[in-house]
Amino acid sequence: MAFMPKAGENARAGRGGADRTATSGAAPDAGHTPSGGQDGEAPGTPAPGTTAPADVAEGFEVRKDPKGFQVAVRKGWQRRGANGQGQVRYVGGDYELLVVPGRDTTAKYGADPMAYLQNKEPELAPYRSSSWASASGLRRIDVGRTAMAEGTFSWRDGSGREVYVRNLAMIHQGRYHLVLVIGPDGGRREVDRLYEQATSAYRPG
């Protein structure tokens, strides 16, 4: 069972990331240390909740998904069932929590979560193909025998909107579990908060 560290402690997001323009397909710089920034400040420690085993902040709840995992989401968010890409979505306004519970295997994609996140994860294909994109806070996390990687990404989507994304890739029993929070670039604080709650409470099935 993996227990996530506090999201954001060593991965504060900011525009000082690995900015990339007109370099579609390039992988972000995993050695970069983000500079941080006012809009990317991670929120404080969540208030204790009553739902075991995870403590969640006020306004959040831990949901046990039909796909076997559990994750913390804002109360009132709507669940969208698994689609053809194996993605489960929880949606609230302009923000979205996307979970992919074990679709991809290490047998196919290798056992390096950082390489998978940077170069192979399908959910980050828009980042890799965007003419304007940036990345920061890239780091690998090893907790016992569980290997994970996380990063912060921004890109301009097909409609011209700038999006801000926090992404975790975790290996569990030879499969990749993904947790992403996606929101508008102007809502970085809320994305950080949603991501912290989701990753702290996430347990694979």
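Just so you know, residue 1 is the first one in the sequence shown, and it goes up from there. Predicted model only: the values in this text are computed from it and were never measured.
A salt bridge links R156 and E162; the closest N-O separation between the charged side-chain nitrogens and carboxylate oxygens is under 4.0 Å.
In this structure, the side chains of R74 and L194 come closer than 4.5 Å at one or more pairs of heavy atoms. Residues M148 and D142 fail the side-chain proximity criterion, which asks for heavy atoms closer than 4.5 Å. Side-chain contact between Y164 and I182 is absent, with no heavy-atom pair separated by less than 4.5 Å.
Residues satisfying the ring-ring contact (aromatic ring centres under 6.0 Å, His included) test with F69, not counting sequence neighbours, are Y202. Checked against ring-ring contact (aromatic ring centres under 6.0 Å, His included), F60 has no partners two or more places apart in sequence or in another chain.
D185 places no side-chain N or O within 3.5 Å of a backbone atom of R188 that could act as its donor or acceptor partner. When atom types are taken as modelled, the side chain of S130 and the backbone of W155 share no donor-acceptor pair closer than 3.5 angstrom.
Annotation for P204 and H177: closest pair CB-CE1, 3.5 Å, computed over non-hydrogen atoms. Heavy atoms only, all atoms of each residue included: K67 and R79 are closest at CG-NH2, 4.0 Å.
Ring geometry for Y127 against F153 counts as perpendicular: the plane angle is over 60°, on a 0 to 90° scale with 30° as the lower cut.
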For a quick test of your reading: what N or O donor-acceptor pairs under 3.5 Å do the side chains of residues 92-99 make, sequence neighbours left out?
from, atom 1, to, atom 2, distance (Å)
E96, OE1, R89, NH1, 3.4
E96, OE2, R89, NE, 3.4
E96, OE2, R89, NH1, 2.0

